[in-house]
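The block underneath contains the structure these notes are about, expressed in structure tokens.
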Amino acid sequence: MFELNTNKMKSVKLLFFLILFSSFGLKSQTHWVVFTDKKDTSFDPYEYFDKLAIERRLLIGYDLYDYSDFPLNEGYISIVEKNVDSISYSSRWMNALSVWADDNQIYVVSLMPFVKEIVPISNLKMELSSKKIDFNVSSLSKNDSLIWDKQLKRMGGDLYKTHGVDGKGVRIAVFDAGFPYVDTHSAFQHLREGNRIIKTRDFVRKRDFVYSFNSHGSMVLSAIAGIYENKEIGMATGAEFLLARTEKESEPFSEEVNWVAAMEWADKNGAHIINSSLGYTYHRYFPTQMDGKTAFVSRMANTAASKGLLVINAAGNEGDSKWKFIGAPADADSIISVGGIDPLTDKKISFSSLGPTADFRLKPNVVAFGHVLIANKSGVGTAHGTSFAAPLVSGFAACAKQLFPDLNAMQLKELIERSADLYPYFDYAHGYGVPQASKIIFGFDNSTVDSSFSAIIDNKRIKINILDENNIANSLIYDYSNFMYYSVLNNKDIILEYGVLIVHSTDFIFNKHSLHQDASKVRFHFRGQTIDINLN
Amino acid sequence: MNLFIKISISILFLILTINKAFTQTDVFNVQVEQNPKEPFFGINNKYFNHYYFGLHFNSNFEKQNAQNFSLRSPKYFFGWKHILKLNNFFAINADLELSNSFYCIKQNEFKVVPDTLKWDKQRLIQNQLSSAIFLRINFDKRRGNYMGHYLDLGFKGTYNYTNIHFTKIENKDRTVSKVWRYNPNYFEEINYGPALRIGIKRYVFSANYNLSGVLKDNYFTSDFTPFSLGLEIGLHK
């Protein structure tokens, strides 16, 4: 029984061959080959960078001859090139080459004295942060028209318009999966006629043409700057654009490389703002790794922020999935992560991903509508997703940048956060709330906020007294002007519990903090006023 | 006071009472997990279980005049897999599986197993209970809670709890004789051998080699190639 005759041996050989074949077939992958230095390289920023990129660097006091912007050593590149299958991209920021190579080749390259480290690149896909897109909408429903009316007004877009603020002079880079019909659709006519699509680049196909493939990018662009039948879809109708195709859908691919390449391209070409509606979640990471330091793309987003670019990224659509939390790069510290609210209820839309980050930093930073009117192939329609909330905020940010051109990216981020309607209140679903143009235009005069309520602690119970009684009596009807936001915090300012109440009475007792032993503070927000109650 | 007024006052009283009783309505509430940990159970967590099913074909390599039609000799199986993650590269996984295996034997003048007779149809059918253990090598070492690409190398043991030798022949008087011989003594009751699985997410190419053979060596000098290959689908995300 145990004797292997000739035929059995043949079969065993076949099995062995299959094992060998499969191993080799799966081994091949892309890697970053990170170099130790940029020895013997020269760099002229005035030749390499766009004028706006120079201005941005000068604004933040960033060294024009920063080491990270120098090109890679050509000698190193040519040596590595001879030892790998192919080179797909060279990153100045990382001082690294992305290469296709098998394990043996990578081992040889890793032994080279100028190679600092080898980092495998993810071939797993990013998720587009769109949920449901209503295509082929020939005529708008009453609900769609209502959304269109509200999506800019909710942020004070009409105020920007009356003050002639439309993002003029601000350059926005949009990273997405394709931009079909941007070259033909009437919603983008003003951009085409004004030659305000400055540059395009397809990082997947390595060419300049981007007006094909997935229409997600076109919809996102329309939510930043579209105008359809003389009515604005987005706020930044006067801005300039760089369009980068960095992703393709439904296949494993190296988007990570494309994303880095697009970041450097946007930086070089003078972008002020980057809008990205993509994120890595369960394919690549665990929620506990969403700390802004682990995910490669999050670190790169922070690098972009350090160079003065404001990165605005969708929080993600995992709020009602098993993942639940924000993905990467939305977890990055220095970027604005945008969650979604429901236009009808004004609270978190069910799918919008929740914060905080794994290290308990506040995310999302702000929110905007997660159900948005966008330009689609057949005209306009509505789409769900934080993908479309992020461009609304990008448009808002461009207008703020136009008003305050001297602000650097971090200052602009802070300004947008401070302008949000819940600020200084925050929670991990709504962030600081919806940014408001009125605060950008008229400033932050707190004296104009009337006292809407008071809260006192009495025998461990918090008594709330509503001073602004307007509409409270009728509040059995769902009315979001009666929303009271609350959060129970510990002594490190980490939220233990948060939520939204509808207030039905002018006096009531709040008792939720009693369930948390380590609660040290309860924070309330009602009609523009925020009150902290210390429990100790 | 007439009845209508009484009812109206009662309703008004009720509304006012309810309004006062419910001074606040929670429309949104989130409890924040303060010590988030990776759960033990999950696709790429410490432990994971899932069901799977699949279809193999018993191979037909020429083997001393023991031949079967490969595509007509399927093996259907349904199983349960338990995975224990060792680290980002390696995992151990164990299977428990029920299967039906068929050998559709070619009828020609060269055949010697399980007999030399020529039938209209001849099948060997086995109902099996198997257990296997694999070492999994994960190729997407930097992945999250996601199955990714992997290679399983392992060893499989099978107990054939029912062995059937089926023959069918049309007699000269045009009657048909069908004979099922249950558990004849020339079948191996226990099979064992190496197994290989190559997976991309839930889709798996797998191959088994049965070192013990299908038929007992002391009854026959030849045997069917106990090699099967096919596809499996894991019932997980």
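By convention in this document, chain letters (A, B, ...) are assigned in the order of the sequence lines, proteins followed by strands, and residues within each chain are numbered from 1.
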Between B:Gln34 and A:Ile494, is any pair of side-chain heavy atoms under 4.5 Å apart? yes
Single hit among B:Lys156, B:Gln128, B:Lys81 for side-chain hydrogen bond (donor to acceptor under 3.5 Å, both in side chains) with B:Glu97: B:Lys156
Using modelled atom types only, decide if a donor and an acceptor are shared between the side chain of A:Ser452 and the backbone of A:Phe526 within a distance under 3.5 Å. yes
So for A:Tyr428, is it side chain, backbone, both, or neither that comes closer than 4.5 Å to the heavy atoms of chain B? side chain
Distance-only polar pair, side chains of B:Ser101 and B:Asn58, donor-acceptor under 3.5 Å: yes
Indicate whether the side chain of B:Asp95 and that of B:Tyr52 have a donor and an acceptor atom separated by less than 3.5 Å. yes
Please look at A:Lys322 and chain B and tell me whether the side chain, the backbone, both or neither of the residue comes under 4.5 angstrom of a heavy atom of that chain. neither
Contact winner vs chain A - B:Glu33, B:Gln31, B:Met147, heavy-atom pairs under 4.5 Å: B:Gln31
Under 4.5 Å to a heavy atom of chain B? For A:Asn490 that would be side chain
So for B:Asn44, is it side chain, backbone, both, or neither that comes closer than 4.5 Å to the heavy atoms of chain A? both
Does the side chain of A:Glu318 come under 3.5 Å of the side chain of A:Ser353 through a donor N or O and an acceptor N or O? no
By a 4.5 Å heavy-atom criterion (distance strictly below it), what part of A:Tyr285 contacts chain B: side chain, backbone, both, or neither? backbone
Chain A heavy atoms under 4.5 Å from B:Lys237: which part of the residue, side chain, backbone, both or neither? side chain
Pick from B:Ile43, B:Asp26, B:Asn218 with the largest number of heavy-atom pairs that fall under 4.5 Å of chain A: B:Asp26
